[in-house]
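Heads up: the structure comes next, in structure tokens.
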Amino acid sequence: MRVIVVDDDQLVAISLKTILEAAEDMEVVAMGNDGKEGLDLYKTYQPDVLLMDIQMKTMSGLDAAKEILSEYPQARILFLTTFSDDEYIVKALNLGAKGYILKQDFKGIVPALRAVHQGQSVFGGEIMGKIPVLMQSRESFDYEQYDIGEKEQEIIEQVASGKSNKEIAESLFLSEGTVRNYISTILDKLSLRDRTQLAVFYYKNIR
């Protein structure tokens, strides 16, 4: 897995590189210290995952992610930060970031990168607990308007809870292929790009 690390604290960036490259399946192909460098490095290397801080000089991680995702919609961006700021979490979710974890959870960084690389969305426990409240909407949602059936509703709820395709398949007694097909159909019906946007949509409009 090819990873780019972007953090304005050089010591942190070097430490992250050491941690990641201790894993046999990871290679840090480049490092940057602000969002502008992150944007330029992404265009140059187009890594499997971009691991990026949020608060940085010149350009924030959020601003960089916005530009990257507008040009590369399939980009996998995992935010790693010391802040569990509510506003940052909402912005990261709305942008389509694949994850948002805290630097304090250093043991979870490698597993989080692997999960993001496999197409999953990853949020630390403290952050995951905030999402339903942050994205909550009081209005009821009309599934019929989007031709969303009962089984699709169940799958939407499980995606929003952070479950993988395998976990959803086991829970609903379906094959993983069937779950993937359901999710693809749901994304088309709701005009969404990926699982992260589906989770955001759920907490904004349905929950």
Side-chain angles (χ1 to χ4, degrees), residues 35 38-39 42 46-52 54 60-81 84-101 112-124 127-149 151-169 171-172 176 178-207:
L39 174 60
Y42 189 92
Q46 295 189 32
D48 296 310
V49 184
L50 171 59
L51 180 64
M52 184 161 55
I54 288 184
S60 73
L62 290 168
D63 288 339
K66 183 177 180 180
E67 291 201 29
I68 291 168
L69 288 164
S70 68
E71 189 170 348
Y72 305 94
Q74 302 307 314
R76 294 183 173 98
I77 299 174
L78 175 62
F79 284 118
L80 179 67
T81 179
S84 60
D85 184 280
D86 292 354
E87 182 180 355
Y88 289 162
I89 295 170
V90 172
K91 284 183 178 179
L93 286 166
N94 285 332
L95 281 173
K98 295 298 183 183
Y100 188 122
I101 59 176
L113 281 166
R114 287 179 179 142
V116 167
H117 185 222
Q118 292 168 5
Q120 299 178 36
S121 297
V122 179
F123 298 94
I127 292 165
M128 197 69 202
K130 288 185 172 189
I131 292 175
V133 176
L134 295 176
M135 309 303 286
Q136 189 169 332
S137 172
R138 295 180 181 176
E139 298 178 8
S140 60
F141 182 76
D142 182 9
Y143 279 110
E144 292 184 4
Q145 177 184 351
Y146 294 91
D147 191 28
I148 301 290
K151 185 64 70 176
E152 290 170 322
Q153 293 175 36
E154 290 181 78
I155 289 174
I156 291 172
E157 290 173 5
Q158 299 218 22
V159 168
S161 71
K163 290 186 178 180
S164 66
N165 286 353
K166 183 178 180 181
E167 290 171 326
I168 296 172
S171 174
L172 300 180
E176 285 189 59
T178 299
V179 171
R180 282 195 296 272
N181 290 338
Y182 265 119
I183 291 174
S184 178
T185 299
I186 291 166
L187 293 176
D188 285 342
K189 287 180 178 180
L190 297 176
S191 300
L192 299 174
R193 186 173 63 226
D194 54 33
R195 297 168 66 99
T196 302
Q197 288 196 344
L198 180 57
V200 172
F201 184 91
Y202 174 79
Y203 285 118
K204 270 186 170 181
N205 302 285
I206 301 172
R207 174 79 180 217

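Between Leu190 and Phe201, the closest side-chain pair of non-hydrogen atoms falls below 4.5 Å. Annotation: side chain of Asp48 is in contact with side chain of His117 (closest heavy-atom distance under 4.5 Å). The shortest side-chain heavy-atom distance between Ile156 and Tyr143 falls under the 4.5 Å cut-off. A 4.5 Å side-chain heavy-atom check between Tyr42 and Ile77 finds every atom pair outside the cut-off. Taking the side chain as every heavy atom from C-beta outward, Leu172 and Val179 never approach each other to under 4.5 Å. Using a 4.5 Å heavy-atom cutoff, the side chains of Asp63 and Ser60 are in contact. When side chains are defined from C-beta on, Leu50 does not count as touching Arg76, because their heavy atoms never get closer than 4.5 Å. Phe79 is not listed as a side-chain neighbour of Leu51, based on a closest heavy-atom distance of 4.5 Å or more.
For Glu157 (side chain) and Glu154 (main-chain N/O), no donor-acceptor pair under 3.5 Å exists by modelled atom type. The backbone N or O of Gln158 lies less than 3.5 Å from a partner atom in the side chain of Ser161, making a donor-acceptor pair.
For the pair Ala97 and Leu69, the tightest heavy-atom approach, listed with the atom from each and the gap, is N-CD1, 4.4 Å. Closest non-hydrogen pair, Ser121 versus Thr196, comes out as OG-OG1, 2.6 Å. In plain terms, the two heavy atoms of Ala160 and Ala199 that are nearest each other are CA-CB, 3.9 Å. The shortest heavy-atom contact between Ile148 and Gln153 is O-NE2, 3.6 Å. Residues Leu198 and Ile186 come closest through the heavy atom pair CD1-CG2, 3.9 Å. Between Arg193 and Leu187, the shortest heavy-atom contact is O-CD1, 4.0 Å.
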Under the criterion side-chain contact (heavy atoms from CB on, under 4.5 Å), I'd like the reasoning laid out for Val159 against Tyr202: C-alpha separation, chi angles, the key distance, then a yes or no. CA-CA 9 Å; Val159 168; Tyr202 174 79; over 6 Å; no
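Atom NZ of Lys189 has more than 12 neighbouring heavy atoms from other residues, nucleotides or ligands inside a 6.0 Å radius.
Checking Thr185 against Glu152 by side-chain atom types alone, no donor-acceptor pair falls below 3.5 Å.
With rounding to the nearest 0.5 Å, the separation of CD1 in Ile101 from CG in Leu113 is 6.5 Å.
With Asn165 as reference, Arg195 is the one residue of Gln120, Arg195, Gln118 to meet the side chain to side chain contact (heavy atoms under 4.5 Å, CB included) rule.
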